Protein chains: 2
Amino acid sequence: MLGSPRRNRIAERREATRLEILDAAWELAQEQGLAEFTLRDLAERVGMRAPSLYAHFASKHAIYDAMFGQAWSKYEQVALAELADLPQAPRAAIRRLARVFFDFAVANPSRHQLMNQRTIPGFEPSAESYAPALRVLELGQQIFRSIGLSDAADFDIGTAIIAGLINQQLANDPGGTRWSALLDRTVDIWADGVGLPPDPPTRTRLKTQPQGSHHGTPATRSTS
Amino acid sequence: MLGSPRRNRIAERREATRLEILDAAWELAQEQGLAEFTLRDLAERVGMRAPSLYAHFASKHAIYDAMFGQAWSKYEQVALAELADLPQAPRAAIRRLARVFFDFAVANPSRHQLMNQRTIPGFEPSAESYAPALRVLELGQQIFRSIGLSDAADFDIGTAIIAGLINQQLANDPGGTRWSALLDRTVDIWADGVGLPPDPPTRTRLKTQPQGSHHGTPATRSTS
DNA sequence: GTCTATACTGTGATAGAC
DNA sequence: GTCTATCACAGTATAGAC
């Protein structure tokens, strides 16, 4: 028998085509809306006819499903990258993570619609595409516990609050900052409510560093 | 010239037909989903053919628009009725109003979708249908101020938080109580955050009614 | 294997007869 | 006002060219 070749050129080309279709779909979703773009639009953008798309995806929902997986994988990367230099102080860390999630959502409303809302009639992500979303959720819960919180309900409240601000921002002031500007204050209200102690003061002119226990990493901030 | 008759029987019948169509549309929205039901379904339910609907509504969006107006008018009634015997204590009052809004939304997800989400592609309510929504918003702001709060941002945060809980409830636990059970606690967290003083204790076996100041207007409202 | 041509079903919407 | 007939366009299925 022939051994399998080191590379599968056919599979590679197929995968490249899939990604090309998905890239075009993201473009169209931003330009026309997630539900508005048609398969004929999409096919034209990649130089095909609509039925040819069915050689790569079983249905329009299958395209949404692949996009769903891509979006959450992308956000997982962003979140993990953010963990590399997270502020030490718990509240500052939570504020940062909330901001990252908020900005990621607002930067691409169609993507947020796909990731976090049930707005495409009949669409439900497959288990495979849902996996990265679950990993991100688990990551959030880990961080939640790592700052000393334990009540799962408080975590749920936190996610609901941030999602609520995002939805209001996108629905009632798209492109503006009306609700974005309230994010830090809202996170602090939540932190007070769930009993997260205030961060130690870090005023620069005070040289004090009254940190009882010293976490490994200094609190260098990126410009985000 | 002929004077106009006391009643316009034709207009009455027309209006009755419109309402009949809208009632059927609400049924179908609950059964099949807001975006899923078709004009053919709708026409069949009222004993017509689809094109006949266009004698009463200019488009499917026009039907959504009328439903939008109905929904907010209905909620306006519910909210005004609730004001009649609202608890005196500010936090209890806010908790009650939040609960009323929450339950109204969860009781009919399609209706909530229409009222509070941007989920029908291309649909935007007309100014006329939007009017009752604005009245409800203004009513909420009035109550907000009447309990001594003045920072409009805190009002925005409150609405975003409640909407966030509703969305999570409907998206992640439809028919359940996972987020519903967190509503009171969340409202209290918000109330703490915006500086609303705790309600005076009202344990029944204590006969005390230590209400310091009496607000001027009794809560009688017209039924609109 | 990949794409095209063609066609089927279902949608919202319109025209015109009665 | 309601009907029949029809339209344009959507997503989708499949046969067959290359």
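By convention in this document, chain letters (A, B, ...) are assigned in the order of the sequence lines, proteins followed by strands, and residues within each chain are numbered from 1. Only heavy atoms go into these numbers, but all of them, side chains included; no hydrogens, no water, no symmetry mates. Nothing here was measured: the structure is a model prediction, and the numbers come from that model.
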Roughly how many Å is it from CD1 in Ile120(B) to P in dG12(C), rounded to a whole number?
11 Å
So how far off straight is the helix from dG1(C)-dC18(D) to dC18(C)-dG1(D), going by the axes through five pairs at either end, to 10°?
10°
How many angstroms lie between atom OH of Tyr64(B) and atom OG of Ser126(B), to the nearest 0.5 angstrom?
15.5 Å
Considering only residues two or more places apart or on different chains, which pairs with a residue in residues 45-58 of chain A satisfy side chain to side chain donor-acceptor pair (under 3.5 Å)?
Glu27(A)-Arg45(A), Glu31(A)-Arg45(A)
Side chain to side chain contact (heavy atoms under 4.5 Å, CB included) partner of Met115(B), chosen from Gln117(B), Gln113(B), Arg111(B):
Arg111(B)
Which of residues 14-32 of chain B sit near DNA chain C, with a heavy atom under 4.0 Å from it?
none
For residues 139-152 of chain A, which residue pairs pass the side chain to side chain donor-acceptor pair (under 3.5 Å) check, not counting sequence neighbours?
Glu138(A)-Arg145(A)
Partners of Arg91(A) by salt bridge (charged side-chain N to carboxylate O under 4.0 Å, His left out), sequence neighbours excluded?
Asp188(A), Asp192(A)
Can you measure Leu53(B) atom CG to dG12(C) atom P for me and round it to whole angstrom units?
10 Å
Go through dC3(D), dT12(D), dC3(C) for me and flag the one nearest to the Arg49(B) side chain.
dC3(D)
Interface polar pairs with nucleotides 13-18 of chain D, N/O, under 3.5 angstrom:
none

CG on Asn167(A) to CD1 on Ile162(A), rounded to 0.5 Å
12.0 Å
Between the CD1 atom in Ile157(A) and the CD1 atom in Ile189(B), the distance rounded to the nearest 0.5 Å is 4.5 Å
Partner set under ring-ring contact (aromatic ring centres under 6.0 Å, His included) for Phe155(B), not counting sequence neighbours:
Phe144(B)
Which residues pass the side-chain contact (heavy atoms from CB on, under 4.5 Å) test with Asp23(A), sequence neighbours left out?
none
Where along residues 36-48 of chain A does a heavy atom come under 4.0 Å from DNA chain D, residue by residue in number order?
Phe37(A), Thr38(A), Leu39(A), Arg40(A)
Under 3.5 Å: donor-acceptor pair, side chain of Gln169(B), backbone of Asp173(B)
yes
Partners of Phe104(B) by ring-ring contact (aromatic ring centres under 6.0 Å, His included), sequence neighbours excluded?
Tyr75(B)
Sorted by position of nearest nucleotide on DNA chain D, 5' first, the leading residue of Lys60(A) and His56(B) is His56(B)
Can you list the residues that meet the side-chain hydrogen bond (donor to acceptor under 3.5 Å, both in side chains) rule with Asp154(B), with sequence neighbours excluded?
Arg185(A)
Distance-only donor-acceptor hits, side chain of residues 32-39 of chain A, under 3.5 Å, sequence neighbours excluded:
{"unit_1": "Thr38(A)", "atom_1": "OG1", "unit_2": "Arg40(A)", "atom_2": "N", "d": "3.4"}
{"unit_1": "Thr38(A)", "atom_1": "OG1", "unit_2": "Asp41(A)", "atom_2": "N", "d": "3.1"}
{"unit_1": "Thr38(A)", "atom_1": "OG1", "unit_2": "Asp41(A)", "atom_2": "OD2", "d": "3.2"}

Is any side-chain nitrogen or oxygen of His61(B) closer than 4.0 Å to OP1 or OP2 of dA13(C)?
no
